[in-house]
Number of protein chains: 2
Amino acid sequence: MISSIAELISDRIGTMPAGERRAAQTLIANYPLIGLKTAAEFSAAAGVSSPTILRFVARLGFQNYPEFQSTLQDELAAQLQSPASRTLNPSSLGGSAVSPMLEATLDNMRETFRHLSDKQLADIVAKLADRRGKTYLIGGRFTDPLARYMAAHLAIVQPNVFHLAGQESIWRDRLIDMGKRDVLVIFDIRRYQDSLVRFAETAHQRGVQIVLFTDQWLSPIARFARHVIAGRTAVPSAWDSSAALFVVAETLIGAVTRQLEADSAKRIRELESLR
Amino acid sequence: MISSIAELISDRIGTMPAGERRAAQTLIANYPLIGLKTAAEFSAAAGVSSPTILRFVARLGFQNYPEFQSTLQDELAAQLQSPASRTLNPSSLGGSAVSPMLEATLDNMRETFRHLSDKQLADIVAKLADRRGKTYLIGGRFTDPLARYMAAHLAIVQPNVFHLAGQESIWRDRLIDMGKRDVLVIFDIRRYQDSLVRFAETAHQRGVQIVLFTDQWLSPIARFARHVIAGRTAVPSAWDSSAALFVVAETLIGAVTRQLEADSAKRIRELESLR
DNA sequence: GGAGCGCTGTATCGTATGTTACGTATTTTG
DNA sequence: CAAAATACGTAACATACGATACAGCGCTCC
C-alpha cells in the first residue's frame, strides 16, 4: 500500500535514469516544498532541465505538473491538520480505546487556537462587552446548545443578552429590533443550515455585526460576518466535534467577564440578593 | 514584532474592506494551503473575485502574488524543519491572555480522562445503547446546554431519547413515566441545584439508573448515581469550565453511535429521506 | 437629499509557465 | 567495436495565470 508520494518515489527510484533520479533525490531532500515551486525552479535545484522534471512526474503516474502539485498539497494539508500523526509514532502510547478521540480533540483545540490571534479575540471581546448594543445568540441543529451556554453566562455579566430559540418565524421576527450597534453571535458548522444563512444575511443588511463560530470549511455566513472563528472539528467518530468551539466560547466568556469586572461584580451581587 | 503572515493578517484585518476580509478569513481558516493555490482557486474559496485576492496580498505589502506565495512557502519550510516550533503558539511565549485558559483546559481534559477507565465508559455506553429503556437528559443552569447537545445526537441514533426542559414542574411530572429500565443522564456542577438533587432522588427511588456528569467535588446526586463522571473544571476565569465534561459527552456520543452502528445507519438514512 | 469617494467585479492584456518536438550525446547490446 | 536505443537538453509553442484598466455600485459625509 503506497500512500504518499515520498513512498512512491522510493519505490521507483531504482528504475529511473540518472537525471530523473537526481530530481527524485532533491525532492526527497527538500520534501515536499521543492515540488510546490515551479518546474523551472525545481529543475534548477536539481541541476537538470525542466523537461526532465516533467518526465519525472510523468513516470510517477501524473498526467501533468499541476496534478502532481495538487497531490502534494493535499498530502501536506492532511499532515497539517492532524499534528499528532506527524509528531508521535503510533507505538509510543498505550492503546486505550478512548484516547484516539481525546487526542484528536486536544489537537483540534491546539490547532484552533493556533489560528486565532490575541488581537482577533480582543476585538471580539471588546464588541461583546460593548454595552451600547444588544447581543443576540443563535446556533444550528447541534450547535445551538453552545449558543445557549454562552448566552447563559453573558446574560449574567451584562444586560441585553438574548438567545434566539424556538421556531424560525419567532427569531426572524426579532430582526425588527436589531440594528447597527447590535451583535449577533452565530454557531454554524456542517451541514450548514439555510435558515441560518438567510437569517444572517438579513441581519447583516440591517447593519448588525456578526460573530461567526464555524468549522474550518467556513459556513457561507462567513460572507456576512465581521469576525469569523474557524474551529477544527475532525475526530474519529461519526460526528463532528464542537469541543474546540466550546473552548473558544468559554475563553470569550471569561475575557468578557474580566473586561466588565467592575460592573459585573456589582451585577452578580445584585443577582445573588434576588434569590 | 511580526514574523508570520498569519500575524500580519490578524494585525491588519481590522482595517480591511469586506471583500479582502473574507479573503483573510478563508486564508486563516485554511492556513496556509489556500494561499499556495492559484489566485483563481483562492478567490473561489473565499467567494470573491481574483482581483480582490491580488489587492489583498498587495495590502499585506507584497509586490505580487508569486512573492506572497514564496513567503508562505518559506514559512512552511521553516515549520516543517523544526516540528517542535509548530506546536506552540508564538503568543504563548509572551504573556498571552488566552493561552493560560487553553492550557488549563487541556490539562483538565487529560486529568479527567486519566481518572476514567475504559471499563467505566464501556458500561455507560452499554447502558445508553440499551434500547429496552428510555433515556432522559437534564442539566443545571449552565450545564443544561450539554444535556441538550447530547440529547440532540442520541435522539438521532435511537428512539426514546428525551431532553427534559422548561419549568421544574414540567419535568417532575415526567417522573411518572420513568422506571427500572430507564436511564437518566444528569449534568450538575457547582453550585449544585437543589431542584436537580430532589429530582434525582425521586428518580432513583423509582429504580431509574442515573448517569451523573459532575465536577471533581461531586454533586450530592452522586449518592444516587449508578455511574459518576467527575470532570475537572478549574480554569483561570471567573467561571468554571465544562469543557472536559463536554468532551466526555462527545466521546460517549461517538461510542454509542458506533455501538448501534447497524441500526443507527439505517435510522439516519430514514431521517434523511424525511427532509 | 446630493455629491464624492472607495470598494468590487468584468473584461482585456501581457507574460511566465508547462508542454512538446527534435537533435545530440551517452549508454547498452550484439 | 559498431549500431541501435535510450536519455537528456535546447528551443519553439500554447495555455493559463496574474496583472491592469474601467465601469458600476453602495456608502459616507456634507
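Picking from D/dA19, C/dT19, C/dT8 the nucleotide with the shortest atom distance to the side chain of B/Thr52 gives C/dT8. In this structure, the nucleotide among D/dC8, C/dT20, D/dA7 sitting nearest to the side chain of A/Glu20 is D/dC8. The side chain of B/Pro17 lies closest to C/dC7, out of C/dC7, D/dC8, D/dG18.
If you check every strand for non-hydrogen atoms under 4.0 Å, B/Pro51 touches a base. Using a 4.0 Å heavy-atom cutoff across all strands shown, B/Ser49 reaches at least one base atom of the nucleic acid.
One can place CG of A/Leu36 at 12 Å from P of C/dG18, the figure rounded to the nearest angstrom. If you take CZ of B/Arg55 and P of D/dT20, they are 12 Å apart, rounded to a whole angstrom. Rounded to an integer number of Å, the gap from A/Ile53 CD1 to C/dG18 C1' is 12 Å. Atom-to-atom, CD of A/Gln205 to C1' of D/dC27 comes out at 15 Å; the value is rounded to the nearest Å. One can place CD of A/Gln63 at 17 Å from P of C/dG18, the figure rounded to the nearest angstrom. Whole-Å rounding puts the B/Phe42 CZ to D/dA19 P distance at 13 Å. The distance from atom CZ of A/Arg223 to atom P of C/dT8 is 11 Å, rounded to the nearest whole Å. Taking atom CG of B/Asn64 as the reference point, atom P of C/dT17 lies 10 Å away to the nearest angstrom.
Contacts classified as ring pair (Phe, Tyr, Trp, His ring centres under 6.0 Å) and involving residues 24-47 of chain A (residues at least two apart or in different chains) are not found.
Under a cutoff of 6.0 Å and an axis angle of 45°, A/Arg174 and A/Phe162 form a cation-pi pair.
A/Asp123 and A/Lys127 are not joined by a salt bridge, as no carboxylate oxygen comes within less than 4.0 angstrom of a charged side-chain nitrogen. Look at A/Arg198 and A/Asp194 and you find no salt bridge, because none of the NZ, NE, NH1 or NH2 atoms lies under 4.0 Å from a carboxylate O.
Five base pairs at each end of the helix from C/dG1-D/dC30 to C/dG30-D/dC1 define two local axes, and these are offset by 30° (rounded to 10°).
To the nearest 0.5 Å, atom OG of residue B/Ser10 and atom CD of residue B/Gln25 are 12.0 Å apart.
Within the 4.0 Å cut-off from OP1 or OP2 of D/dA16, not a single side-chain nitrogen or oxygen of B/Thr38 is found.
Nearest-nucleotide positions on DNA chain D place B/Ala40 closer to the 5' end than the other of B/Ala40 and A/Lys180.
Ring planes of A/Phe142 and A/Trp239: perpendicular class, angle over 60° (limits at 30 and 60°). Using the six-membered ring where Trp is involved, A/Phe246 and B/Phe246 have ring planes that are parallel, under 30° apart on the 30 and 60° scheme.
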